[in-house]
Amino acid sequence: MAPCTPRLIVPIDLKKKPWEQDPPLHNRWHPSIPTVSEVRVGELFRIEMVDWTGGEIQDNLSAMDIKSIDLNTVHYLSGPIRVVDMEGVPAKPGDLLAVEICNLGPLPGDEWGYTGTFDRENGGGFLTDHFPCATKAIWYFEGIYAYSPQIPGVRFPGLTHPGIIGTAPSMELLNIWNKRETQLEENGLESFKLCEVLHSRPLANLPTPRGCILGKIKEGTPEWETVASEAARTIPGRENGGNCDIKNLSRGSKVYLPVFVEGANLSTGDMHFSQGDGEVSFCGAIEMSGFLELKCEIIRNGMKEYLTPMGPTPLHVNPIFEIGPMEPRFSEWLVFEGISVDESGKQHYLDATVAYKRAVLNAIDYLSKFGYSKEQMYLLLSCCPCEGRISGIVDSPNAVATLAIPTDIFDQDIRPKVSKVPSGPRLVRKPDVLKCSYDGNLPITKNPSGAA
């Protein structure tokens with residue numbers, strides 16, 4: 001018998017605002033946010049999502065919407081989803097929730113996305129000191145491919161994935177998050193900078209009722225006031241998964257998420273058509289509305305069996321991600337290196353962030369020699385399927401990072417051109433090894449020591 005059509009449990013109406021959706025969306029993490037649906041293990045179900053801004057960014061040439069967006073409202077998540085086993089017993093704290101991504105894509109009728117750079121005064125980005133102004137590129141989808149009128153001559157297949165997928169924290173874990181992030185914000189030295197550059201991004205995004213949406217909890221009620229003052233922002237990835245932005249988390253992938261509350265309370269959002277490693281421009285993937293078709297399994301007591309706490313409690317764990325078999329295939333790449341020496345020439349000690357910044361800047365500068373502006377290439381390297389690596393973290397004093405760019409995405413050859421040798425009499429250099437006769441195989445030579 002053919003498998004059933006996935007059950008739609010969170011539909012999206014693109015004509016409505018995020019707070020008008022039914023069931024309602026949410027943009028915070030908290031154990032008290034009510035679930036909107038329940039699924040059994042093995043059931044194939046579908047979740048639809050708005051883009052991370054809830055439709056604030058428009059399909060036009062102006063970047064004013066990027067510049068003025070209120071970042072207190074993001075991200076808009078679909079869920080939470082309660083997961084139970086075949087007997088109706090919910091996932092329990094200490095279990096692992098195995099979430100398989102069976103299918104995904106843009107919402108029908110909304111096949112476009114955008115990449116942006118935030119203004120320095122509204123969050124900036126990885127290279128704020130070089131690109132302080134808001135910019136935007138619109139991307140249109142043709143099947144698996146994306147192209148942008150703002151970056152002509154480029155076309156590539158997207159590796160579509162959810163930027164955010166995670167479970168709800170327990171109150172104990174939520175208190176851990178809020179305590180450590182508050183301490184960072186209150187006690188962090190002024191020298192806490194990104195690559196030694198000061199900008200307007202906070203050290204942490206602490207709970208705030210401003211822009212808070214809590215699903216079925218009605219604003220203005222005493223419960224809303226309490227939860228809004230405690231609920232964690234969705235900006236960083238944490239122990240529950242969350243905003244991990246792993247670009248290879250596409251069809252066929254599995255996510256093994258820790259369970260902290262009964263039912264797991266799974267939420268997801270921030271769909272990306274494509275993204276480069278690091279999402280360096282901050283609003284840096286090809287952001288879009290979209291859908292996921294998922295199946296879940298419960299691994300009882302899986303946290304203790306498979307996860308290693310990296311902190312003082314058993315809650316200090318991180319998810320495991322199993323990458324699926326689907327990804328674009330490229331045969332040729334250009335790789336740009338960066339070391340932990342910044343633009344001023346200052347030496348940093350094994351700083352992989354500085355090294356990756358240098359790799360990105362080197363790539364931008366190189367690609368701008370082929371008729372593009374540096375702003376165009378900054379946006380491109382944030383959303384195209386480029387590969388970032390920490391190549392060396394042991395050889396003092398320099399960390400080494402690399403950024404590999406598939407050359408096939410360009411309609412021109414971007415490889416360095418080797419100068420042709422002028423024609424004329426060929427100079428034959430007398431070898432310093434013994435000559436051997438040629439018998440149809442490669443010639444065999446001997447080194448000066450006489451060893452074969």
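Side chains included, hydrogens not; waters and symmetry mates left out as well; all remaining heavy atoms used. Treat the numbers as computed from the prediction; the structure is a model and nothing was measured.
- With sequence neighbours left out, the side-chain hydrogen bond (donor to acceptor under 3.5 Å, both in side chains) criterion links N178 to no other residue.
- Partners of W29 by side-chain hydrogen bond (donor to acceptor under 3.5 Å, both in side chains), not counting sequence neighbours: none found.
- With sequence neighbours excluded, no residue satisfies side-chain hydrogen bond (donor to acceptor under 3.5 Å, both in side chains) with E111.
- Counting only residues at least two apart or in different chains, salt bridge (Lys or Arg N to Asp or Glu O under 4.0 Å) contacts with residues 272-287 comprise K247-D277, D277-R389.
- For D51, the salt bridge (charged side-chain N to carboxylate O under 4.0 Å, His left out) criterion is met by no residue, not counting sequence neighbours.
- Counting only residues at least two apart or on different chains, the ring pair (Phe, Tyr, Trp, His ring centres under 6.0 Å) pairs with a member in residues 115-139 are F118-F282, F131-Y378, W139-F156.
- Just one residue in the list V10, L292, V39 forms a side-chain contact (heavy atoms from CB on, under 4.5 Å) with F45, and that residue is V39.
- Between Y306 and Y256, the distance separating the two ring centers is not shorter than 6.0 angstrom.
- Listed by first and then second residue, the side-chain hydrogen bond (donor to acceptor under 3.5 Å, both in side chains) pairs that reach into residues 54-64 are D59-Y140, N60-K136, sequence neighbours excluded.
- Not a single salt bridge (charged side-chain N to carboxylate O under 4.0 Å, His left out) links D342 to another residue, sequence neighbours left out.
- Using a cut-off of 4.0 Å between Lys/Arg side-chain N and Asp/Glu carboxylate O, K357 and E343 are scored as salt-bridged.
- Taking E142 as the reference, R155 meet the salt bridge (charged side-chain N to carboxylate O under 4.0 Å, His left out) condition, with sequence neighbours excluded.
- Listed by first then second residue, pairs satisfying side-chain hydrogen bond (donor to acceptor under 3.5 Å, both in side chains) with a partner in residues 2-13 read R7-E43, not counting sequence neighbours.
- Sorted by first and then second residue, the pairs that involve residues 359-369 and meet salt bridge (Lys or Arg N to Asp or Glu O under 4.0 Å), not counting sequence neighbours, are D365-K369, D365-K374.
- In this structure R233 satisfies the side-chain hydrogen bond (donor to acceptor under 3.5 Å, both in side chains) test with no other residue, sequence neighbours excluded.
- Ion pairing between a basic and an acidic side chain is recognised when a charged N comes within 4.0 Å of a carboxylate O; E48 and R46 show such pairing.
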